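As structure tokens, the structure follows; a few thoughts come after it.
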Amino acid sequence: MRQYSAAIALVSGLYSLVSTTSGSGMMGSNSGLLMAALGIVVIVHGVVLLTPYANQLGNASGPLMIGYSLLMLLNQALVGATGSMNWGMDGGIQGGMDGSMGNGMSDSMGSTTAGMGWDLGMVALAVLMLISGVIMTRRHNTNSGM
């Protein structure tokens with residue numbers, strides 16, 4: 001079970017890092033910075049799960065996985081709801097005094113969004129991580145007689 005959880009953590013963490021550091025320049029956004037930091041923490045947790053130090057995590061490993069997954073899902077929900085990697089805090093209009101829209105897209109009401117949506121890969125990995133955390137928590141409680 002620990003190796004399975006470690007594999008999920010390593011893949012999720014690497015996916016977070018790769019998706020934030022490649023291509024679209026997400027590192028300059030709130031979402032990208034959160035996912036990069038979370039990716040590093042999740043990778044470290046995955047590596048620890050493969051070492052003898054995993055026993056020292058004890059009851060904390062499952063809840064940590066649940067927490068990471070909930071942060072990933074919350075981040076994706078904010079990106080999906082606001083349409084922005086800055087969770088709607090960038091003002092939308094990218095242009096200057098002339099009112100040009102820059103990289104934003106305008107709907108018929110004149111509002112702008114960055115055109116970003118859910119990263120379904122991230123959502124899928126977060127759901128797997130959530131399930132893994134729940135299994136780790138329940139299994140640990142079962143083994144300890146709780």
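Computed from heavy atoms alone, side chains included, the values below leave out hydrogens, waters and symmetry copies. Treat the numbers as computed from the prediction; the structure is a model and nothing was measured.
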Scan Leu64, Leu71, Leu70 and name whichever one has a side-chain contact (heavy atoms from CB on, under 4.5 Å) with Tyr68.
->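 Answer to the side-chain contact (heavy atoms from CB on, under 4.5 Å) test with Tyr68 among Leu64, Leu71, Leu70: Leu64.
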Got a second to check how far Leu74's CG is from Ser69's OG, nearest 0.5 Å?
->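 Reported value, rounded in 0.5 Å steps: 11.0 Å.
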Atom CG in Asn30, atom CE in Met35: separation rounded to 0.5 Å?
->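 Answer rounded to 0.5 Å: 13.0 Å.
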I'd like to know if [Y] and [X] are part of one continuous hydrophobic network [Ile/Leu/Val/Met/Phe/Trp/Tyr, side-chain heavy atoms within less than 4.5 Å].
X      : Y     : value
Met72  : Val41 : yes
Met1   : Ile66 : no
Leu78  : Leu34 : yes
Met122 : Val11 : yes
Tyr4   : Leu49 : yes

For [X] and [Y], which heavy atoms make the closest approach, and how far apart are they?
X      : Y      : value
Ser12  : Met129 : CB-CE, 3.2 Å
Gly62  : Met136 : CA-CB, 3.8 Å
Met65  : Gly133 : CB-CA, 3.7 Å
Ala9   : Gly46  : CB-CA, 3.7 Å
Gly32  : Thr20  : O-CG2, 3.5 Å
Asp119 : Gln76  : N-OE1, 2.7 Å

Evaluate the side-chain proximity of Leu125 to Ile8: yes if any heavy-atom separation is below 4.5 Å, no if none is.
->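 Sidechains of Leu125 and Ile8: no contact.
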Taking the side chain as every heavy atom from C-beta outward, state whether Leu38 and Ser16 have any atom pair closer than 4.5 Å.
->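 When only atoms from C-beta onward are counted, Ser16 and Leu38 do not touch, as no gap falls below 4.5 Å.
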Leu14: side chain to side chain contact (heavy atoms under 4.5 Å, CB included) partners, not counting sequence neighbours =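 Per chain and number, Leu14 pairs via side chain to side chain contact (heavy atoms under 4.5 Å, CB included) with Ile43.
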With sequence neighbours excluded, what pairs up with Ile131 under the side chain to side chain contact (heavy atoms under 4.5 Å, CB included) test?
->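 Ile131: side chain to side chain contact (heavy atoms under 4.5 Å, CB included) contacts with Val127, Ile135.
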Can you give each donor-acceptor pair under 3.5 Å made by side-chain atoms of residues 50-57, sequence neighbours left out, with the distance rounded to 0.1 Å?
unit_1 : atom_1 : unit_2 : atom_2 : d
Thr51  : OG1    : Val48  : O      : 2.8
Thr51  : OG1    : Tyr53  : N      : 3.3
Asn55  : OD1    : Arg2   : NH1    : 3.3

